[in-house]
Asks: 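I have a structure I would like to understand better, so I am pasting it below and will then ask my questions one at a time.
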Amino acid sequence: MTASVAMHLSDGVLDAPTSLLFGAIAAVWLTLAAARGRIDIDDRTAPLAGLLAAFLFAMQLLNFPVLPGVSGHLYGGALAAILLGPWVGSLCLSVVVVIQALLFADGGLTALGANVTNMALLGTAAGFVVALAARGVARRSRAGLLSVAFLAGLVSTVAASAGFVVEYAIGGQADVSLGGLAGVVIGVHAVIGIGEGVITALAVGAIARVRPDLIYLVRTSEARQPAAVAS
Amino acid sequence: MSASLDVRGLEYHYPDGTTALAGIDLRVEPGERVAVLGPNGAGKTTLVLHLNGVLTGTGRIEVAGMPLSPGTLREIRRRVGVVFQDPDDQLFMPTVADDVAFGPANFGVTEPELAERVQAALDAVGMAGHADRSPMHLSEGQRRRVALATVLASDPELLVLDEPSANLEPVARRELADVLLSLDRTLLMVTHDLPYALQLCPRAVLIDNGVVVADGPTRDLLADADLLAAHRIELPWGFVPHP
Amino acid sequence: MSASLDVRGLEYHYPDGTTALAGIDLRVEPGERVAVLGPNGAGKTTLVLHLNGVLTGTGRIEVAGMPLSPGTLREIRRRVGVVFQDPDDQLFMPTVADDVAFGPANFGVTEPELAERVQAALDAVGMAGHADRSPMHLSEGQRRRVALATVLASDPELLVLDEPSANLEPVARRELADVLLSLDRTLLMVTHDLPYALQLCPRAVLIDNGVVVADGPTRDLLADADLLAAHRIELPWGFVPHP
Amino acid sequence: MSGGHATVLHRPGDSPVHLLPPQVKLLAAFAAVLGVVATPREAFWAFGIDLLVVLAVWSVAGVPLGWFARRAVIETPFVLLAVVLPFVSGGPRMDVLGLAVSADGLLAGWNILAKGTLGVLIALTLAATTQPRDLVLGLQRLRAPGWFITIATLMLRYVDVIAGELRRMRIARISRGDDPRFLWQLGAAARGAGTLFLRSYERGERVHRAMLARGWAGHMPAGSAAPVGALRWVAGGSPALVIATVWAVAAWPG
Ligand SMILES: Nc1ncnc2c1ncn2[C@@H]1O[C@H](COP(=O)(O)OP(=O)(O)OP(=O)(O)O)[C@@H](O)[C@H]1O
Ligand SMILES: Nc1ncnc2c1ncn2[C@@H]1O[C@H](COP(=O)(O)OP(=O)(O)OP(=O)(O)O)[C@@H](O)[C@H]1O
Ligand SMILES: [Mg+2]
Ligand SMILES: [Mg+2]
């Protein structure tokens, strides 16, 4: 869940060189992701990526309060990783982050590089690594799949927030104690991540029941064979 | 000359395991008009979705002598125009005119021809007066007519219609028949409307459980009461086939 | 005894400004079966959506003597069963059986009667074999049949059907006619299928441009060629009304 | 289906700002925000001029002030951060209204407040005067990668699909006696969201098929993108140019 400053960074939190640096990092990663995870408009990756993006985008309109004056919404890094795999998952999340910035002013335009790095890259990758490591559990039973989805949601949220700590250390505009900052940011996101984990698990559970073939994580190696699916 | 459409041993299973096509064989010659009949759930729509490669089962599909494969997909989609059973699946642009222009524009038609095509297609279905409205804000029958126009505008060689007359007012239904008869195109029409099939299509195929169970002149097929009854087909109340 | 349905001066404009209903008056007595005819875009569906308060225009609607108002909405929805033109508007539960059970369960029917009702409704439309499938994964005609079952299971006093025969296989279409004739309920049926209207409904109303333009015995209405032609209605090819 | 097309923050109009080609607006917005961010935080006057530039654009666009104010609340978390920073930052302390705060932290808080606010206001200006699908078209003309355009196009398309499915599910429920007030509660909310996702996906899949069937190749036909004349680039870019000049003056050593 994204509820705090660490997720949709605004303009002015980082200095200009740092903003550009992370813009470059994001661009390089996305180029790599685009090469590895092809968006083939003829198979199901394109509609699934588009729909997940739309869903995350729409969920943002259904903000719910987390703290007074602060509301949160589903972030979706782990969900994207589990449904689409790490590469297309990154691409999908980056579209969400960019369009949110352009249409909602959610996250600064100059902070786009940093925000894409945190949410589309770090969060998605961390969620996928967790899910991949526990893939055996996920395939064995429904409870296994749900627990793995929960954990991936939690870890991806924390990972994305950790990205912010690093960025702030490099180009933050105020001289705050980094240890304290890291403690607060990561601590808060461990709590927020529980919400993210629960929603991720519920969503994956609902999808697994009806369309297990949509879940990248449990698809067998012949990913294009829709009938051969573990459920 | 090669067949307009040639389907061999086509099989398809939906992701949930349902077998929808269990080996379809169908050959349609250029200029033929063929009705596709069959009970609910027979696999008619699933077959239609294969003809331009939006679903891909196993088996072999050739359009105008060209085997359907990733390389020929675009060309085949240009030649095959499909009107879906549910217009909500078909319409997705902000205005009716944009939606009708979408297909031809993608296939490289440019202004001023594009505007002419859009106008002609909307005239053919009687929806020219609604060009600037949102397809979302039309009645069901109006949406179906726009869906037809989107495909007419692309002027495909093989026209595939899935239940084109459903939800059409009687006059629009007859006008559509006139339009289809005036087009000199190969036509494949899925329908439960047997009089309409008989009026428009000299030939019919009957599909059930994912296979073709009968294929022949529409009049003969509709005269075979045993065959029809075995596949939940019957002539409607009050209908008297003309001699 | 009060009318089963009484609509007075009903007007409705869609948010985009389109006038869909321009003052509808319609009175239906208990037990009557009335066909609602009219061209595409006449306002038939908009009228249907008012009968259970999904849309709210200006004017007056009474069901079994009860004026439609926020306070009576729930009771009226229990009495009026609407089958929508598009089954996707009707079905939303994970399985067919759940979906059929949803209405009666909301209106207080409990087990074991609930299970019996679900079974009976699914049998009536021939979908009992699909009870545990997801409604999203059915063919168009199968979905329409389930949509009918969801309303039959609630056993409403007034049954309102919007194009019930569209996309139905011929036998299911006839079986539905049998079911409807066997129910002793007030019936309002929107349809473009004139033979079906004649077969099922002794009375018909013709709607165009949001007003009722004719109301009378179906046979007389369908015999008035000038009236029909003025409203884009005509008898289909090959249809001969029985004497 | 389409119609509304995810209007979200868009405020229809036909002002010169609305009519500017989207690619011009996109580049101008990015340049303007970059200019703001690069401006040294001690140059207080510079941010005042930047704000005047934004206000000038609004008056040309004919979008009232209050409209932006209400939508700028998205920034609230950053205001909190800006308020907290002076207290938690290190470095020399100074006295403000009897509280000892970090001078550096105070400046940092101001920096976030000023730049963050201007950034939000500039982005809101872009969103208010540009249709979502024009934004994607603008990105396409600016040579954004193909995958981005494909996903973004489908995404905007599918927001309507999701809204449509949500509406259908609601009608289906209330017609059969459900009370919508209980719909979004606890478990029902979660289950509803799962069902909504699947329904939307499957309809989205069918819409996607229809798009493919009519030759869609991953992006909308960009249309006859008439080349944008130099004059319009200059006109559209002028606010960004002013902001860049302000930055140059403020950052000038000495
Ligand atoms: N998305 C889906 N997932 C799973 N099964 C499906 C799906 N769509 C259709 N089916 C099943 O596949 C079979 C064939 O369906 P299809 O839609 O091709 O039938 P049809 O002949 O077009 O029927 P109708 O006349 O009702 O339109 C049916 O048994 C149906 O239940
Ligand atoms: N959501 C909507 N927004 C705006 N206008 C609408 C909407 N739905 C329908 N209309 C318009 O309202 C009028 C009546 O539509 P309605 O759906 O009631 O027609 P209908 O008689 O049911 O037609 P059909 O036979 O095609 O189903 C038409 O002009 C239609 O274009
Ligand atoms: Mg079908
Ligand atoms: Mg209607």
Side-chain angles (χ1 to χ4, degrees), chain A residues 3-5 8 10-13 15-16 19 30-31 34 38-39 41-42 44 46-51 53-55 57-59 61 69-70 91-92 94-96 98-99 101-106 108-111 172-177 180-181 198-199 202-203 205-207 209-211 214, chain D residues 8-9 29-30 33-34 36-38 41 74-78 80-81 85 88-91 104-105 108-109 111-112 114-116 118-120 122-124 126-127 132 135 145 147-148 150-152 154-155 157-159 161-162 190-191 193-195 197-198 200-201 204-205 208 212 216-218:
Chain A
S4 64
V5 285
H8 295 282
S10 81
D11 296 306
V13 177
D15 59 26
S19 302
L30 290 177
T31 306
R38 299 219 45 90
I39 293 280
I41 64 155
D42 256 300
R44 65 164 68 90
L48 190 53
L51 191 94
F55 201 72
F57 183 81
M59 291 296 257
L61 298 173
V70 181
L91 300 180
C92 173
S94 70
V95 173
V96 176
V98 170
I99 299 289
L102 291 177
L103 288 184
F104 291 140
D106 197 5
L109 294 184
T110 57
Q173 293 276 313
D175 163 31
V176 298
S177 133
L181 180 73
V198 169
I199 300 183
L202 285 173
I207 297 164
R209 207 188 290 278
V210 183
R211 289 292 298 270
L214 295 183
Chain D
V8 201
L9 294 185
F30 271 101
V33 180
L34 202 58
V36 169
V37 170
R41 59 194 189 185
I74 185 113
E75 225 212 337
T76 319
F78 294 94
L80 293 181
L81 179 69
L85 272 180
V88 299
S89 296
D104 180 52
N111 184 64
I112 290 175
K115 294 179 179 176
L118 281 165
V120 165
I122 292 169
L124 282 177
L126 178 67
L135 273 178
W147 58 264
F148 188 98
T150 302
I151 298 180
L154 284 171
M155 165 178 165
R157 190 68 272 300
Y158 286 165
V159 169
V161 170
I162 292 172
R191 246 179 301 120
T195 311
F197 181 88
L198 280 163
S200 307
Y201 172 73
E205 199 174 35
H208 175 248
L212 291 178
W216 188 59

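No hydrogens, no waters, no symmetry mates; every other heavy atom, side chains included, goes into these values. Labels below follow one simple rule: chain letters A, B, ... track the order of the sequence lines, proteins then strands, and each chain is numbered from 1. What you see is a predicted model, and the numbers here were worked out from it, not measured in a lab.
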Asks: Under 4.5 Å heavy-atom distance to chain A, tell me which part of D:A29 shows up: side chain, backbone, both or neither.
Replies: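 Interface part for D:A29: both.
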Asks: Based on non-hydrogen pairs under 4.5 Å, which of A:T31, A:L91, A:V198, A:I99 is most in contact with chain D?
Replies: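 Winner by heavy-atom pair count: A:L91.
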Asks: Report which part of A:A111 has an atom under 4.5 Å of a heavy atom belonging to chain D: side chain, backbone, both, or neither.
Replies: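 Neither part.
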Asks: Run the side chain to side chain donor-acceptor pair (under 3.5 Å) test against D:Y201 and tell me which residues pass, sequence neighbours left out.
Replies: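 D:Y201: side chain to side chain donor-acceptor pair (under 3.5 Å) contacts with D:E205.
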Asks: Within the structure provided, determine whether D:L118 and D:V33 are in side-chain contact (heavy-atom separation under 4.5 Å).
Replies: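 Sidechains of D:V33 and D:L118: no contact.
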Asks: Under 4.5 Å heavy-atom distance to chain A, tell me which part of D:L198 shows up: side chain, backbone, both or neither.
Replies: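 The answer is the side chain of D:L198.
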Asks: At what distance, to the nearest 0.5 angstrom, does NE2 of D:H208 lie from CZ of D:R157?
Replies: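 D:H208 NE2 to D:R157 CZ: 12.0 Å, rounded to 0.5 Å.
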Asks: Measure D:I162 against the heavy atoms of chain A and call it side chain, backbone, both or neither at under 4.5 Å.
Replies: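 Looking at D:I162, just its side chain touches chain A.
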Asks: Taking the side chain as everything from C-beta on, heavy atoms only, tell me whether A:L30 gets closer than 4.5 Å to D:W147.
Replies: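 Contact flag for A:L30/D:W147 side chains = yes.
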Asks: With side-chain contact (heavy atoms from CB on, under 4.5 Å) as the criterion, how do D:L135 and D:L126 come out once you've worked through the C-alpha distance, each side chain's angles and the decisive distance to 0.1 Å?
Replies: CA-CA 9 Å; D:L135 273 178; D:L126 178 67; 4.1 Å; yes
Asks: Using non-hydrogen atoms and a 4.5 Å limit, figure out which bit of A:L48 sits close to chain D: side chain, backbone, both or neither.
Replies: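 When you check distances to chain D, atoms from both the backbone and side chain of A:L48 fall under 4.5 Å.
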Asks: Could you tell me which portion of A:A49 (side chain, backbone, both or neither) has an atom closer than 4.5 angstrom to a non-hydrogen atom of chain D?
Replies: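 The answer is both parts of A:A49.
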Asks: Nearest 0.5 Å, what's the OG1-CD1 distance between D:T195 and A:I207?
Replies: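 So the OG1 of D:T195 and the CD1 of A:I207 are separated by 10.5 Å.
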